Every structure is written in C-alpha cells, then in structure tokens.
Colleague: 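Okay, here's the structure, questions in a sec.
All figures in this text were calculated on a predicted structure; none of them were measured in a lab. Every chain is numbered from 1 and lettered A, B, ... according to where its sequence line falls, protein lines coming before strand lines.
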Amino acid sequence: MATKINGVKGMNDLLPGQAARWQEMEAIAREVFALYGYREVRTPVVEPAQLFARGVGEATDIVKKEMYVFEDKGEDLLALRPEGTAGTVRAFIEHGAFVEGPQKWFYVGPMFRRERPQKGRYRQFHQIGCEAFGIAEPFLDAEQIALLDDFLARLGVRAELKLNSVGDRSCRPAYLQDLRAYLGSHKGELCADCNERMERNPLRVLDCKVESCQPVLAAAPRLLERLCPECAAHFEAVKSGLDALGVRYTVDTRLVRGLDYYVRTAYEFTSDALGSQSAVAGGGRYDGLVETLGGPPTPGIGFALGQERLAMILEKAGRAAPERKPVVFFVSADEAGAREALRRAAELRRAGIACELDPRGGKMKAQFKQAERVGARYALVLGGNEVQTGQAKLKDLATREETPVALADLVARVR
RNA sequence: GUGAGUAUAGCUCAAUCGGUAGAGCACUGGACUGUGGAUCCGGGGGUUAAGGGUUCGAGCCCCUUUACUCACCCCA
C-alpha cells in the first residue's frame, strides 16, 4: 500500500452518521429563519484579504495571527474567510442591496482560522449566522436574539443568554481611556496577562479569571454605567423587547466581543456542555461596518453560531439524529429473484419509497443481516417461486411476522 | 505562539519486576443449503507512531522526531 495521507490538522471529516445531525440542525435553522423573514445568502469562501483587515479589524487576533492568507499566482492577496459578516456586508454593498430598504439575510458554511485546535475549536469550523441591515431600532436586536433562542429551543438545547452593551463611538473611547488609567494605576496588583491586555484590549482585562486580579477588577469602572444617553436608552429598549418576547437573559457587564466592529448590543449564548470554549453563539450590533467597507451609512446586527459546538451539545444531550431508513429490503433467493428485486426496487423508488437490496446476492442469512443493519422496516424474499406466482411474503423485521402480499400490490402495501 | 498529557488490531482498551503481543466490539465463516438479532465454535487482521540508545532480552527504561488531545491566549 502507498503511504497514507491524513487530513489537515484541525479540519475534520463529517462521516455519514454525524452528518444526519448537521442536516437536522440546518433544516431547523432554515425553517426558523424563514419564520422571521431572513433569506439565505451564499458568498465565496475566499475574499480579498483586505476585506477582513478593514472589516474585522487590523488589530484583532483573527487578522493578526489566525488568517489563512495566500497570493493568487503572484497577483491578489486572498484570504480564507475567518468569519461570515465581512463577506456578507461586502456582497450587500457590491450589489447595491441597500437601495431596496432593510435586508435580513442568513448564511451557513465553513470558516477558517489557523489556531491551535482544542475542544470546540477547529481550523475549519462551520457557522450558521445572520445579518440584518438598515434597521437601527432596538426591537430588531430583541427579535434577532429571540430568533436564536427559538432555534436553540427547537433543538432542545438549554443555553444561557448573556447580554451587554459595549457602547458606541461617543461613549466607549472615553470609557476605555478611564479604564486604562484605572488599570494602569493598579499595574502591580494585576497578573502578567492583564498587564499585556491592558494596552491591546482593556475590556478583556475585566474578564480575567486569575484570583489575585479580582479585587482590582471588582472596583473597576463599568461601561454600563458610562453609556451615553442614546446607548443607555437602546440597551433598555432591547431588554424590554426581550421581556415582551419572553426571552430570559442575564446582564453580564464583562461580556466582550472580540471583533472591532461591534457597538451597543453584544450577546452570547453559553452552555456548560461545552469545554472551555463555552459560547455556542455570539452576536451584536455593528452600525458603522457597512460604511467602513465602502457602503452608505447603514446600521446592522448579526450573530454567528458554531455548528461543531452545537453538535457537541446535542450529542451530549443524547438527542438522536434522524436518518431516513429504507422501508423495504429485498432479499434474493436466486438469480431470478435478484432480477425481480431490481425491478421491484425501481418501482418502489418511482413511488418515492426508499428501499435497498444487496447486489452481491449471496446467502440469505447475510442479506437479512444487511437488512437489519440498514434499519429496514420490512424484508421481502424473492426467488423463482415468487416470480412465478406473483405472491410473496412481506416480513416485518421488528415483529418477525410475515404476511402474504401480491407483488402487484406491493407499492400500496408499504406506502 | 506557550504549557501539560497521550500514542498497542478498524474502534475501546489490557499486557504483573524488562522475559513468547492479548481481550471485547466490529467484520467474516460455520453449527442452520429459502429467513436476521440470542448462543456456541472458528477466521482474518500488528513495523506496539517513527528513529536511535541502554540491555542477554524493550510495548514497558532513556533521547529525538511526529501526530493527536486538553488547557492558556483568543473565539463560534
């Protein structure tokens, strides 16, 4: 045998047994999105690298160290998309969709980040996400969060909703300055990581889990208390919208989003069924992003949900993934029976009834085992006798009972 | 990028003090030649991740490499 070639690190195969779960996930997502008026958009997996530098943020980890970037035959600098929002916004602008008023779009597909893989984090991972453009009002935020909540509920997933506001251009900069100053004056009491984060991403410091940092962090200024009147009103309205929709949440003042473009509403659904990567979905508002990427000033809000993480939760909850099983499995006793099985299987399939047979023929025992393994409901033995008389016995594989059936009536009997 | 752990059959794992590489599951054949799941008996499967070292002798001890896993950073 030639040497074996393995798949790329952090990029996983989804075998047929698992794929059923993913199909279910996506089918329910499509249904729920439709209920809320979101329509599917499909954009390329590859985009100009520039798009993410400008959209996601030059200083973010995603752009700085996690992007797959390559030269396209010495010409353009391209990137495998690390997230879905930038490309969706690019398409929104490029096709002038903004002239038609507000748009609600969703997408499903693979994203790529070159990180060290661990539980719940992979180099190719899959997201279901949505973006709503052109509506700045807070009830949209509430409705979109409710959409995600509905979706998770339909799958029987219990996840905790954490909500926060990260302010906007008029209140966040001043707050960050104050926060930096405060943290700077307590340098000695904070861990090494915090001292690093202080400059790069001071909001992250608030999230530190190190015990010795806690006293300083507890007394740190809170963004929620420093929101400008507009942001504060927006946040209150989002909360009242969620209350009206019956969506339960907890306000988490430490909740931070990693991408530069977020303003105001930020939220996350977390589950303790996951490993250390506890967020199954996260989202927020990005009112300046369309403009940053060359479009007209357009408010926007969206979320992304990690399919691998959701699958992990479903699996842990022991929720069975529905798979379509054959209704009939044809067992052939001889050559004539095998030929008849081929014909009858075609007849059933034309009628929309799933069925299988074992083209290898062979011993009936082996064929029955095969029928059992693929989960067929009935087995039907065909041989010279049945072909001649047109009569056969339909065997219910669960009860092992056989009932006579005329081959001419087969479709009607198993439909 | 940093740290820790693991690596034996397709899968899950054993192998005593360093002394002849095993079991269960799965697959397959038979008991049962036109009727599956149970039971019993049999069969194929291995460079013990790779390379080197110590030793009379290494799956086991030492070194190097690789892969995987988990965690940090960060995120879905």
Colleague: Could you tell me the separation between the CD atom of A:Glu268 and the P atom of B:A76, rounded to a whole number of Å?
Modeller: 7 Å

Colleague: Centre of A:Tyr175's six-membered ring, under 6.0 Å away, within 45 degrees of the axis: is that where NZ or CZ of A:Arg226 sits?
Modeller: no

Colleague: Hey, does A:Arg257 reach any base, or is it just sugar-phosphate, or nothing, if we go heavy atoms under 4.0 Å?
Modeller: sugar-phosphate

Colleague: Select base, sugar-phosphate, or nothing to describe what A:Glu402 touches, counting heavy atoms under 4.0 Å on all strands.
Modeller: base

Colleague: Please determine whether a side-chain nitrogen or oxygen atom of A:Gln367 lies at a distance below 4.0 Å from atom OP1 or OP2 of B:U35.
Modeller: no

Colleague: Looking across every strand, which nucleic acid part, if any, lies under 4.0 Å from A:Gln124 by heavy atom: base, sugar-phosphate, or nothing?
Modeller: nothing

Colleague: Could you check A:Tyr38 against A:Phe106 for ring pair (Phe, Tyr, Trp, His ring centres under 6.0 Å), going step by step and ending with a plain yes or no?
Modeller: CA-CA 6 Å; A:Tyr38 282 70; A:Phe106 77 90; 7.7 Å; no

Colleague: Given B:A31, B:C68, B:A76, which nucleotide is nearest the side-chain atoms of A:Arg121?
Modeller: B:A76

Colleague: Base of B:U35, side chain of A:Arg400 - is there a donor-acceptor contact under 3.5 Å?
Modeller: no

Colleague: Can you tell me which nucleotide in B:U35, B:C74, B:G30 comes closest to the side chain of A:Asp61?
Modeller: B:C74

Colleague: Given the structure, check if the side chain of A:Glu66 and the base of B:G1 hold any donor-acceptor pair shorter than 3.5 Å.
Modeller: no

Colleague: Could you check whether A:Lys395 gets within reach of a base, just the sugar-phosphate, or nothing at all, counting any heavy atom under 4.0 Å?
Modeller: base

Colleague: Give a yes or no on whether a donor-acceptor pair under 3.5 Å exists between the nucleobase atoms of B:C74, that is its base, and the side chain of A:Arg113.
Modeller: no

Colleague: Of the nucleotides B:U35, B:U2, B:A76, which has the atom closest to the A:Met364 side chain?
Modeller: B:U35

Colleague: Can you list, by residue number, the residues of residues 269-282 of chain A that have a non-hydrogen atom closer than 4.0 angstrom to RNA chain B?
Modeller: A:Gly275, A:Ser276, A:Gln277, A:Ala279, A:Val280, A:Ala281, A:Gly282

Colleague: Among the candidates B:A71, B:A76, B:G34, find the nucleotide nearest to the side-chain atoms of A:Ala333.
Modeller: B:G34

Colleague: With sugar-phosphate meaning primed atoms plus P, OP1 and OP2, does A:Ile128 contact a base, only sugar-phosphate, or nothing at under 4.0 Å between heavy atoms?
Modeller: nothing

Colleague: Would you kindly check whether a donor in the side chain of A:Asn385 faces an acceptor in the base of B:G34, or vice versa, at under 3.5 angstrom?
Modeller: yes

Colleague: Can you tell me how far P of B:U69 sits from CD of A:Glu115, to the nearest Å?
Modeller: 14 Å

Colleague: Would you mind classifying the nucleic acid contact of A:Ala371 as base, sugar-phosphate or nothing, using non-hydrogen atoms under 4.0 angstrom?
Modeller: nothing

Colleague: Donor-acceptor pair under 3.5 Å: do we get one between A:Arg114's side chain and the base of B:G1?
Modeller: no

